[in-house]
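The chains referred to below are lettered A, B, ... by the order of the sequence lines, with proteins before strands, and numbering in each begins at 1. Just so it is clear, the structure is predicted and the values come from calculations on it, not from any experiment.
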Protein chains: 2
Amino acid sequence: MKKKTGTSFVSAQQVADLAGVSRSAVSRTFTKGASVSPTTRSKVIKAADSLGYHVNELARGLINEQSNIVCIVGADIYTPYQSRFIDALTRELQAIHKVTMVVNSSGDSEVRDALAQTIRYRADATLVLSGQPDDALIQTCLNNGQRVIVVNRDKMQSGVESIVVTNRVAAREAFHMLHRAGCHNIVAVSSKAGTPSLVAREQAFLQEAKDHGIEATLKTVGMTSYETGAETARQLFSGSNPPDGAFCLTDLLACGFMDVARHEFGRRIPEDLCVIGFDDIDQSSWSSYNLTTFRQPVEDIAVHIRDLLSSRLDPDLGEGPTRFPTEPVWRQSVRMGAKP
Amino acid sequence: MKKKTGTSFVSAQQVADLAGVSRSAVSRTFTKGASVSPTTRSKVIKAADSLGYHVNELARGLINEQSNIVCIVGADIYTPYQSRFIDALTRELQAIHKVTMVVNSSGDSEVRDALAQTIRYRADATLVLSGQPDDALIQTCLNNGQRVIVVNRDKMQSGVESIVVTNRVAAREAFHMLHRAGCHNIVAVSSKAGTPSLVAREQAFLQEAKDHGIEATLKTVGMTSYETGAETARQLFSGSNPPDGAFCLTDLLACGFMDVARHEFGRRIPEDLCVIGFDDIDQSSWSSYNLTTFRQPVEDIAVHIRDLLSSRLDPDLGEGPTRFPTEPVWRQSVRMGAKP
DNA sequence: TCATTTTTTGCACAGGTGTGCAATGATGCT
DNA sequence: AGCATCATTGCACACCTGTGCAAAAAATGA
């Protein structure tokens with residue numbers, strides 16, 4: 001199991017010997033805020049460079065009981081929405097000299113494993129983007145000063161910092177957009193994933209429709225994907241009573257839905273069919289779609305998380321989740337006149 | 001700087017005390033292949049569970065001089081291609097119980113930082129997907145038994161394991177596809193990025209055209225993105241002598257190119273214009289595009305990398321880079337009859 | 001120059017783990 | 001039973017770093 005390498009990593013002791021100072025001096029040179037004279041510092045740096053010394057972050061973390069690692073747990077990270085989020089997060093975290101560990105979780109059990117990993121590596125924090133973490137493990141994390149931040153999930157436990165997006169407001173707004181556009185047969189295209197944010201959007205949309213005397217229907221035929229959106233359209237437009245307005249709970253669903261409506265059933269958008277999405281992924285702005293949607297401010301959220309973790313912001317516990325607004329992005333998939 | 005937490009992480013010593021065994025027994029219980037009797041093992045596990053013990057991977061890594069961390073360096077990780085690759089990699093690495101560290105690098109300097117990070121965290125390996133790593137740092141990595149694997153990059157140094165895709169073969173094939181489809185005015189749509197794989201495709205494509213007496217032109221108007229593809233199309237179709245066949249060196253470029261050609265210039269695909277892409281991202285199969293393209297076998301590459309790092313495969317050094325074939329995916333953006 | 005304050009430096013310890021070595025206990029064989 | 005073999009266990013050391021403490025050096029003031 002042990003490696004067989006000729007040379008080994010160079011340690012602070014070796015640097016100290018070469019520079020003719022104590023090992024403490026070396027340590028202090030590379031520790032922010034420690035007291036070293038400019039003379040010794042330069043001697044140390046010179047020796048370190050010539051030897052190729054790099055601080056062993058493992059040993060440092062062992063002392064400090066934290067490792068500057070932040071663990072991101074997410075599923076389907078190849079998805080436009082998730083990958084944009086992770087991109088923003090990694091950049092912001094790097095800006096405060098944190099290191100990003102990504103755990104690709106499909107099921108809840110892997111979220112469990114991820115949290116265990118967080119503990120084993122003494123990470124500073126865990127960001128949960130998907131799945132439901134295990135309560136006992138969360139408690140262990142929190143007890144040891146590790147932070148747990150969940151995004152667009154149900155808040156499960158005190159001590160967990162929660163960030164959500166204004167799903168309900170947006171969903172209600174979506175109904176009114178379709179309503180104002182003159183749609184009569186309205187459908188909500190969702191998935192079987194049952195994610196908290198999906199459920200929130202479904203409920204708010206259907207409720208708002210009902211409150212205005214319109215019976216909107218809900219369709220869930222598969223997971224949250226392009227294919228599901230496509231298949232949903234196929235079922236709806238080949239049945240009796242096809243819709244003339246659709247709120248797709250995800251842009252990805254919307255893309256599949258639009259493609260099939262247009263190419264397989266000849267629907268013109270927005271003349272025959274109005275479509276609204278959610279997320280504002282890159283593809284929504286592509287001119288094949290031009291999708292009117294709601295933008296999730298992932299960059300703002302990433303900045304907020306950075307500020308949280310650089311302790312420039314106090315953890316906002318107790319007073320409920322931090323809410324970020326989703327603003328509508330008007331494009332061409334809804335008839336004009338719907339815009340207020 | 002020091003944290004103020006009531007409790008602290010539970011150590012192996014505490015578990016040992018509770019279980020009534022020595023700390024060594026605890027260590028051996030959680031070390032694969034160590035010798036412990038079933039009796040003590042179960043006592044230890046019981047105690048560990050009740051205390052919430054988790055091995056400190058930092059201390060373990062300090063001893064072993066490796067941390068089971070694999071560092072992935074990549075730019076533009078929100079891109080469909082990159083995110084799919086990272087998704088595959090993280091899954092395969094997790095399968096062999098490695099932990100993924102993602103470094104989001106925009107410039108070469110950040111690749112440098114990433115490599116330094118690899119060293120500081122005593123990572124097992126670094127995967128470089130973008131940018132040019134620093135020679136001296138690579139040497140330090142290699143000297144200490146850390147592996148460096150570059151994908152679709154120029155091989156820079158011995159000891160670095162290199163994986164590439166058959167860019168040239170595919171590019172030549174792309175020309176013939178357009179040629180057989182009867183295109184006369186052929187253009188290669190690339191970007192200013194100047195990535196090794198882009199350059200390889202450009203050169204091979206243009207050379208093959210020249211060898212067959214056709215003067216294909218090369219267009220590079222921006223970075224590798226949808227917008228660049230769109231802008232390229234705008235320039236080409238508003239100028240004199242618009243093309244009737246395009247090899248877009250990236251599917252993302254192709255999407256932008258197709259959208260503008262169709263929606264702003266009324267070109268029918270494939271009747272008026274044949275388009276070929278590269279990568280086979282998800283969007284290429286969406287029915288708005290139906291793009292004929294070349295598939296990069298990212299899953300196969302990820303599996304290969306897993307096998308390399310689980311030392312089931314010998315590092316293939318010396319005899320040049322490992323090549324993975326890119327196979328054409330026939331869809332509808334090239335006139336039929338081009339298919340052999 | 002000398003006394004006083006401030007900065008710098010080295011020592012030694014702590015942090016949690018893996019493992020070689022020797023001792024102990026268990027098991028098998030005759 | 002007696003001996004040999006083998007698995008198990010505990011001790012002590014090593015891995016590399018940060019930091020409190022006291023001593024030394026430097027800077028400051030008169």
Side-chain angles (χ1 to χ4, degrees), chain A residues 1-5 7-44 47-48 51-68 119-123 144-145, chain B residues 1-5 7-44 47-48 51-68 119-123 144-145:
Chain A
M1 207 64 179
K2 204 59 177 289
K3 287 183 307 177
K4 287 301 288 182
T5 53
T7 83
S8 184
F9 287 99
V10 24
S11 74
Q13 186 62 63
Q14 303 179 37
V15 177
D17 293 347
L18 179 61
V21 297
S22 78
R23 196 187 53 72
S24 308
V26 178
S27 174
R28 285 190 248 261
T29 301
F30 293 104
T31 305
K32 213 188 103 178
S35 163
V36 215
S37 74
T39 323
T40 32
R41 155 168 258 118
S42 67
K43 274 195 295 186
V44 167
L51 259 54
Y53 170 75
H54 294 264
V55 175
N56 188 334
E57 213 68 44
L58 269 41
R60 178 178 273 177
L62 184 55
I63 293 285
N64 294 338
E65 289 221 330
Q66 61 173 355
S67 54
N68 280 329
I119 299 173
R120 289 203 308 273
Y121 280 93
R122 303 305 191 248
N144 295 296
Chain B
M1 205 66 179
K2 205 60 175 290
K3 287 184 306 178
K4 287 302 285 183
T5 54
T7 83
S8 185
F9 288 100
V10 23
S11 74
Q13 186 61 62
Q14 304 178 36
V15 177
D17 292 347
L18 179 61
V21 297
S22 78
R23 195 187 53 72
S24 308
V26 178
S27 173
R28 284 191 248 262
T29 301
F30 293 104
T31 304
K32 213 189 101 177
S35 161
V36 216
S37 75
T39 323
T40 32
R41 156 169 257 117
S42 67
K43 275 195 294 186
V44 167
L51 258 54
Y53 170 74
H54 294 264
V55 175
N56 189 333
E57 213 69 41
L58 269 42
R60 177 179 274 177
L62 183 56
I63 293 285
N64 294 340
E65 290 221 330
Q66 60 173 356
S67 55
N68 279 330
I119 300 173
R120 290 203 307 272
Y121 280 92
R122 303 306 191 247
N144 295 297

(request) Say whether, by atom type as modelled, one donor and one acceptor occur between the side chain of A:S67 and the main chain of A:Y121 under 3.5 angstrom. (result) yes
(message) For the backbone of B:L58 and the side chain of B:N56, can you confirm whether one donor and one acceptor N or O come within less than 3.5 Å of each other?
(response) yes
Could you tell me the separation between the [atom1] atom of [X] and the [atom2] atom of [N], rounded to a whole number of Å?
X	N	atom1	atom2	value
B:Q13	C:dG16	CD	C1'	10 Å
A:N144	C:dG16	CG	P	11 Å
A:N64	C:dC13	CG	C1'	16 Å
B:K32	C:dT19	NZ	P	13 Å
A:R60	D:dC15	CZ	C1'	16 Å
B:L58	C:dG16	CG	P	11 Å
B:D17	C:dG16	CG	P	13 Å
B:K43	D:dG10	NZ	P	8 Å

(request) With heavy atoms under 4.0 Å as the rule, sort A:S27 into base, sugar-phosphate or nothing. (result) base
(request) Could you check whether A:F30 gets within reach of a base, just the sugar-phosphate, or nothing at all, counting any heavy atom under 4.0 Å? (result) nothing
(request) Report the residue (A:P38 or B:L62) whose heavy-atom-nearest nucleotide on DNA chain C is the more 5′ of the two. (result) A:P38
(message) With a 4.5 Å cut-off on side-chain heavy atoms, are A:Q14 and A:Y53 touching?
(response) no
(request) Flag the pair B:R60 / B:T31 as yes when at least one side-chain heavy-atom distance between them is below 4.5 Å, and no otherwise. (result) yes
(message) Run the side-chain contact (heavy atoms from CB on, under 4.5 Å) test on A:T40 and A:T29 for me, step by step, so that the C-alpha distance in whole Å, both residues' side-chain angles and the decisive distance to 0.1 Å come before the verdict.
(response) CA-CA 8 Å; A:T40 32; A:T29 301; 6.0 Å; no
(message) Of the options D:dT17, D:dT19, D:dC16, whose atoms approach the side-chain atoms of A:Y53 most closely?
(response) D:dT17
(request) Just compare D:dT17, D:dG18, C:dG16 and give me whichever is closest to any side-chain atom of A:A12. (result) D:dT17
(request) Quick one: pull up CD1 in A:I63 and CD in A:Q66 and give me the separation to the nearest 0.5 Å. (result) 12.5 Å
Check nucleotides 9-12 of chain C for protein N or O atoms closer than 3.5 Å to its own N or O atoms and list the pairs.
from	atom 1	to	atom 2	distance (Å)
C:dT9	OP1	A:S37	OG	2.9
C:dT9	OP1	A:T40	OG1	2.9
C:dT9	OP2	A:S37	N	3.0
C:dT9	OP2	A:T40	OG1	3.0
C:dG10	OP2	A:S22	N	3.0
C:dG10	OP2	A:S22	OG	2.9
C:dG10	N7	A:R28	NH2	2.8
C:dG10	O6	A:R28	NH2	2.8
C:dC11	N4	A:S24	OG	3.0

(message) Between A:Y121 and C:dG16, is there a contact of a side-chain N or O with OP1 or OP2 at under 4.0 Å?
(response) no
(request) Can you spot which of B:V36, B:V44, B:L18 makes a side-chain contact (heavy atoms from CB on, under 4.5 Å) with B:V26? (result) B:V44
